[in-house]
Amino acid sequence: AARRASGVYYTPPEIARQLAELTLGPLLEATQRGRESIAATVFHHPQPRPQLTPDPVTLTLPAIQVLDPACGAGELLLAARDVIVEHGRRPAALHGIDIDEQATNHCQQRLRESGLPINIRHGDALASEPPLPLGTFDAVLANPPYVSIRELARQHSTDYIRGLRQ
């Protein structure tokens with residue numbers, strides 16, 4: 001009940017994968033055109049969550065910066081990582097923010113296992129001063145917020161709600 005009241009919903013891996021493909025696919029295909037896919041050489045042993053062993057060719061392609069402003073336990077960032085690598089690219093870094101400190105800790109743990117640079121922060125991405133410095137990301141990957149307007153109004157001040165609307 002507490003998760004529902006605060007809009008905490010976890011994305012199933014299949015949906016995370018589809019969102020990552022729909023968001024990152026066009027960006028990645030722009031550099032893939034005219035090239036033979038090297039996805040088969042990126043992994044030594046294909047698995048649902050493969051350990052990354054990049055081919056040297058992968059390292060010569062530009063890296064991708066991805067942000068999930070409500071990262072939870074990191075399912076969307078893991079899917080983004082997989083899609084990027086399968087397109088023969090490498091993530092420069094995976095960035096995430098979440099208001100649930102326990103979720104950000106879990107996300108950090110899951111992403112650290114991949115060996116990639118990560119920047120996961122506890123905080124409110126909608127705050128006037130978000131916990132990550134503003135920068136340039138190649139893609140922002142996120143689920144729409146599942147927040148009950150009534151619950152939001154009960155939990156936050158009128159000024160906070162007004163700030164979100166702006």
Check this for me, if you would: do Glu86 and Arg17 make a salt bridge, where the nitrogen-to-carboxylate-oxygen distance has to be below 4.0 angstrom?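 The answer is yes: the pair qualifies as a salt bridge.
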Separation between [atom1] of [X] and [atom2] of [Y], rounded to the nearest 0.5 Å:
{"X": "Leu24", "Y": "Asp82", "atom1": "CG", "atom2": "CG", "answer": "11.0 Å"}
{"X": "Ile97", "Y": "Leu67", "atom1": "CD1", "atom2": "CG", "answer": "5.5 Å"}
{"X": "Glu113", "Y": "Leu78", "atom1": "CD", "atom2": "CG", "answer": "9.0 Å"}
{"X": "Leu19", "Y": "Glu14", "atom1": "CG", "atom2": "CD", "answer": "11.5 Å"}
{"X": "Leu77", "Y": "Asp68", "atom1": "CG", "atom2": "CG", "answer": "5.0 Å"}
{"X": "Ile99", "Y": "Cys71", "atom1": "CD1", "atom2": "SG", "answer": "11.0 Å"}

Closest approach of [X] to [Y] (non-hydrogen atoms, all atoms of both residues):
{"X": "Gln108", "Y": "Ile118", "value": "O-CD1, 3.7 Å"}
{"X": "Cys107", "Y": "Gly72", "value": "CB-O, 3.3 Å"}
{"X": "Val66", "Y": "Ala80", "value": "CG1-CB, 4.2 Å"}
{"X": "Ala73", "Y": "Arg110", "value": "O-NH1, 3.0 Å"}

Name the residue from Val140, Ile120, Asn119 that meets the side-chain contact (heavy atoms from CB on, under 4.5 Å) definition with His95. Asn119
Pick out which of Ile84, Asp138, Val83, Leu27 makes a side-chain contact (heavy atoms from CB on, under 4.5 Å) with Arg89.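 By the side-chain contact (heavy atoms from CB on, under 4.5 Å) criterion, Arg89 pairs with just one of Ile84, Asp138, Val83, Leu27: Ile84.
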Side-chain donor-acceptor pair under 3.5 Å between Thr11 and Asn143, yes or no?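 Looking only at side-chain atoms, Asn143 and Thr11 do form a donor-acceptor pair, the distance falling under 3.5 Å.
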Could you give me the CA-CA distance, side-chain angles and deciding distance for Arg81 and Leu94, then say whether side chain to side chain contact (heavy atoms under 4.5 Å, CB included) is met? CA-CA 8 Å; Arg81 175 207 62 193; Leu94 301 172; 4.0 Å; yes
State, with a plain yes or no, whether a side-chain heavy atom of Arg121 is found less than 4.5 Å away from one of Thr104. no
Does any non-hydrogen side-chain atom of Leu28 lie less than 4.5 Å from one of Ile64? yes
Using the rule that two of Ile, Leu, Val, Met, Phe, Trp, Tyr join whenever any of their side-chain heavy atoms come within less than 4.5 Å, decide whether Leu22 and Ile15 are in one cluster. no
